[in-house]
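This report refers to the structure that appears directly beneath it.
Letters A, B, ... mirror the listed sequences (proteins, then strands); counts begin at 1. Worth knowing before you read on, the calculation uses all heavy atoms, side chains too, and leaves out hydrogens, waters and symmetry mates.
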Amino acid sequence: MRKKQIVAMLLAGGQGSRLGILTSNMAKPAVPFGAKYRIIDFPLSNCVNSQIDTVGVLTQYQPLELNTYIGNGQHWDLDRIDGGVFVLPPYVKGKCGQWYSGTANAIYQNQMFVDQYSAEYVLILSGDHIYKMDYAAMLRFHIEKGATATIAVFEIPIAEASRFGIINIDDDKRIVSFDEKPKCPRSNLASMGVYIFNWQNLKAYMQADEENAASQNDFGQDIIPGMLQNGEVLYAYPFHGYWKDVGTIGSLWEANMDLLEDSPLLDLYDPFWRIYSRNPILPPHYVSAEASINCSLVAEGCEVYGRISHSVIFAGSYISHGAVVEDSIVMPGAHIGENAHVYKSIIDERAIIGQGVVVGAKPQKNLTIDNSLTGDITLVGYDMHIPDGTALPRGMVATKETLGYLYKKGGTTP
Amino acid sequence: MIADAFGIVYTGEEAARLKELTHSRSVAATPFGGRYRCIDFIISNMVNSGISNIGVIAQKNYHSLMDHLGSGKEWDLDRKRDGLFMLPPYVTRDNVGLYRGTVEALKSIGGYIRRSTQRYVLFSGSYTIFNRPFGHMIEQHINSGADITIMFNDNDILEEYDQYEDLRLVIGPDGRIVDLELNPYRSQNQNKSCNVVLMEKNLLEYLVEEASAHGLYDFTRDVLQRNVRKLKLFGYHYSGFVARLNSPQAYFKSNIALLKSDVRADLFDDAHPIYTKVKDEVPAKYGPTADVKNSIVASGCIVEGEVRDSLLFRGVYVAKGAKLSNCIVMQGSQIHENASLDCAILDKTVVVKRGRKLHGHEKFPIAIRKGSII
């Protein structure tokens with residue numbers, strides 16, 4: 001195998017339980033985003049655009065959708081003679097074999113993969129952020145600084161700092177300490193979950209970490225604090241630009257809406273930094289004489305007869321006559337029936353919204369809705385069929401069970 | 001169904017008929033339908049019929065065609081066995097690389113035809129657009145005992161004067177072709193050839209050798225027409241949508257026809273999709289002032305102005321205050337503030353500056369050459 005300077009390892013094993021039913025049949029990185037993409041398109045495209053051509057994608061939760069999506073990697077130009085993209089599920093080794101117990105353990109179990117390429121450096125990525133980043137520039141920084149590990153950091157509002165891994169640095173950007181979700185944050189530099197390690201050094205730490213039964217085998221919790229404790233040279237690489245965690249329903253919705261700004265911070269039009277994806281084999285979309293579309297993104301294959309305002313519409317969706325879609329995300333192949341109203345909602349793939357349905361209706365007193373994950377965003381699940389005339393109150397997660405409850409309570413009057 | 005057939009697509013058609021649009025490209029590479037090139041349809045039809053060995057005969061201006069087809073990956077034709085074969089002309093002792101007609105083209109690709117292992121061959125032009133796999137046609141060909149089967153339709157949306165290379169099939173009661181009329185004067189017969197001919201490979205090889213031995217060079221005139229009585233020629237009737245892009249008027253009308261939902265449903269049938277080269281464009285973006293009605297909009301477009309009854313190809317920009325009606329705007333063109341266009345065909349990367357006005361007529365759409373700045 002030809003030697004590679006750097007190999008990327010993309011951690012795509014997370015269930016993404018905070019995305020609720022959106023990840024009931026797919027891993028988080030496979031969740032659709034921005035009218036045509038999936039979350040994983042961003043780190044994969046960043047790799048290719050940074051001239052990193054060997055990427056291992058570590059999966060273990062609902063991998064079918066992701067495996068099918070990645071295929072042989074040709075859509076990202078990752079079908080290479082040497083290298084390319086590889087899906088790496090956990091596997092049985094001799095008498096034992098286990099699931100990935102943590103982020104570091106996932107890499108530990110796939111050491112052979114990185115070793116094959118005699119890589120000097122390994123880039124660790126996660127599959128739940130939307131951003132455009134030049135990893136090659138980060139690698140140059142890492143080499144210049146002579147670091148053992150470099151962590152990409154992003155400035156966040158200090159009020160949110162207690163939700164992130166916070167990094168404290170000196171004037172040279174060398175990392176002094178690392179606090180995982182601190183109560184009283186000392187800085188506003190959040191770890192982006194993007195790391196570059198010197199591979200041989202990381203291997204030694206992972207080995208030691210495996211032997212420590214108390215460890216959670218996690219980069220943020222165990223490996224990095226361990227390195228700092230041993231006085232290793234760790235640097236923070238500041239990233240400027242758009243970076244958004246899309247791990248919750250609210251942030252996923254916000255990140256989609258961010259694209260509808262006049263000149264969005266996330267520039268998808270840069271010809272030198274394209275975001276690649278598996279393109280649907282569909283004709284351009286059709287906008288009828290009675291339709292109206294404003295402040296929206298609309299993908300191929302849609303047929304629009306109704307009104308779309310401030311929304312993100314994925315490929316192959318059908319918006320019927322008289323329907324109104326506002327502040328919403330409509331995922332591939334969904335059907336919005338005649339005179340249906342969809343407000344601030346996420347309609348999952350292939351869902352059918354019946355005639356005159358109201359999604360995101362006013363809350364009703366006699367209904368108890370579990371909106372702990374959704375807030376005021378209404379969610380309609382994969383392949384769900386919402387019968388004509390139903391009103392789904394704001395924040396509801398429409399599944400077969402909750403729909404049954406709604407009907408018992410007489411949820412047919414909007 | 002897996003067809004025991006291979007395909008040959010001839011792209012050397014007289015490009016002058018499309019005027020501005022084929023100034024620097026073959027008809028086959030002319031953009032169509034918001035994101036496609038003409039040749040996508042015939043190649044997709046072949047691929048959707050289970051044909052995986054396709055030769056494309058190039059003649060003039062084939063750079064943009066080769067750029068489009070590449071290795072054939074997007075049509076699933078990058079194969080170890082068979083796949084896509086680009087067959088450009090070359091100079092030998094016998095020919096100068098410029099074909100006088102289709103027979104000469106077929107003769108020069110004799111090696112490719114000989115090496116193809118399939119029994120049947122579909123020989124097609126590149127400017128006829130429809131969506132129909134050839135399984136039925138092949139079945140009918142075998143069952144009818146025909147020597148040659150020619151696909152035709154009889155519900156053309158275009159008028160007589162739009163046509164060239166207009167081949168009409170006169171069909172007898174038993175389905176056999178009794179006469180072929182080429183560019184007839186006021187023909188009463190509506191059976192127009194779709195430019196797709198099916199026969200056994202051995203017969204094609206024989207007919208090509210025979211014709212060129214007599215110094216003949218045009219397959220339609222010198223092979224099909226001459227052999228109407230000698231060989232058993234049958235017509236295969238197709239009733240779906242067919243567009244023939246052989247004049248700017250035909251090009252304009254056929255594109256605008258896609259605004260009808262039945263035409264779209266027919267031409268973009270989910271069961272057999274039309275493949276094309278992908279561009280990784282961003283989905284179309286509509287601004288706060290966008291006002292789009294009865295139009296087709298491709299990915300990568302940014303629309304802030306008014307668009308009526310038009311087709312926008314990939315990456316078109318329509319600024320605030322601009323007005324478009326009955327327009328076909330190809331990839332990467334920009335319409336600036338308050339420009340106004342009606343019945344115009346804008347080729348790729350045309351820029352219409354602020355406040356400019358262009359008004360054609362549906363019988364005579366204005367075609368603007370690639371890269372022009374107005």
### Task
May I ask you to list the residues in residues 304-336 of chain A that approach chain B closer than 4.5 angstrom, counting heavy atoms only, ordered by number?
A:Y305
#### Entry: Closest contact, heavy atoms only, B:K285 versus A:D262
NZ-O, 3.9 Å
### Query
Are any of the side-chain heavy atoms of A:Y286 and B:L258 separated by less than 4.5 Å?
no
## Note on the structure
Checked B:G315, B:A284, B:A298 vs chain A; the most non-hydrogen pairs under 4.5 Å come from B:A284
### Task
Mind ranking A:E303, A:K36, A:H285, A:E290 by heavy-atom pairs under 4.5 Å with chain B and telling me who comes out on top?
A:H285
#### Entry: From A:N279 atom CG to B:E281 atom CD, the distance as rounded to the nearest 0.5 Å
9.5 Å
### Summary
Cut-off 4.5 Å, heavy atoms of chain A, and the answer for B:K73 is side chain
### Query
Is chain A contacted by the side chain of B:R314, its backbone, both, or neither, given a heavy-atom distance below 4.5 Å?
neither
#### Entry: Pairs of heavy atoms under 4.5 Å with chain A: top-ranked of B:A290, B:S295, B:G33, B:G287
B:S295
### chain B-proximal positions within residues 69-81 of chain A [heavy-atom distance under 4.5 Å]
A:Q74, A:D79
### Task
Kindly indicate whether the side chain of B:K293, heavy atoms from C-beta on, has any atom under 4.5 Å from the side chain of A:S292.
yes
### Summary
Honestly, the part of B:I302 sitting under 4.5 Å from a heavy atom of chain A is side chain
### Query
Between the main-chain N or O of B:P288 and the side-chain N or O of A:N294, is there a donor-acceptor pair closer than 3.5 Å?
yes
### Query
Is there a side-chain contact between B:F268 and A:L282 (heavy atoms, below 4.5 Å)?
no
#### Entry: Proximity breakdown for B:Y36 and chain A, heavy-atom pairs closer than 4.5 Å
side chain
### Message
Does any backbone or side-chain atom of A:A299 lie under 4.5 Å from a heavy atom of chain B? Answer side chain, backbone, both or neither.
### Response
both
## Note on the structure
Within residues 321-348 of chain B, the residues sitting under 4.5 Å from chain A by heavy atom, in sequence order, are none
### Side-chain heavy-atom pair B:V297, A:P284 within 4.5 angstrom cut-off
no
### Summary
Okay, A:S288 and chain B: the region with an atom under 4.5 Å from a heavy atom over there is backbone
#### Entry: Polar side-chain atom of B:D280 near backbone of A:S277 as donor-acceptor pair, under 3.5 Å
yes
## Note on the structure
Most heavy-atom pairs under 4.5 Å with chain A, out of B:I296, B:V282, B:T276, belong to B:V282
Just distance, no hydrogens or angles: give the donor-acceptor pairs under 3.5 Å from side chains in residues 263-273 of chain A, sequence neighbours left out.
from: A:D267; atom 1: OD1; to: A:Y269; atom 2: N; distance (Å): 2.9
from: A:D270; atom 1: OD1; to: A:F272; atom 2: N; distance (Å): 2.9
from: A:W273; atom 1: NE1; to: A:N46; atom 2: OD1; distance (Å): 3.0

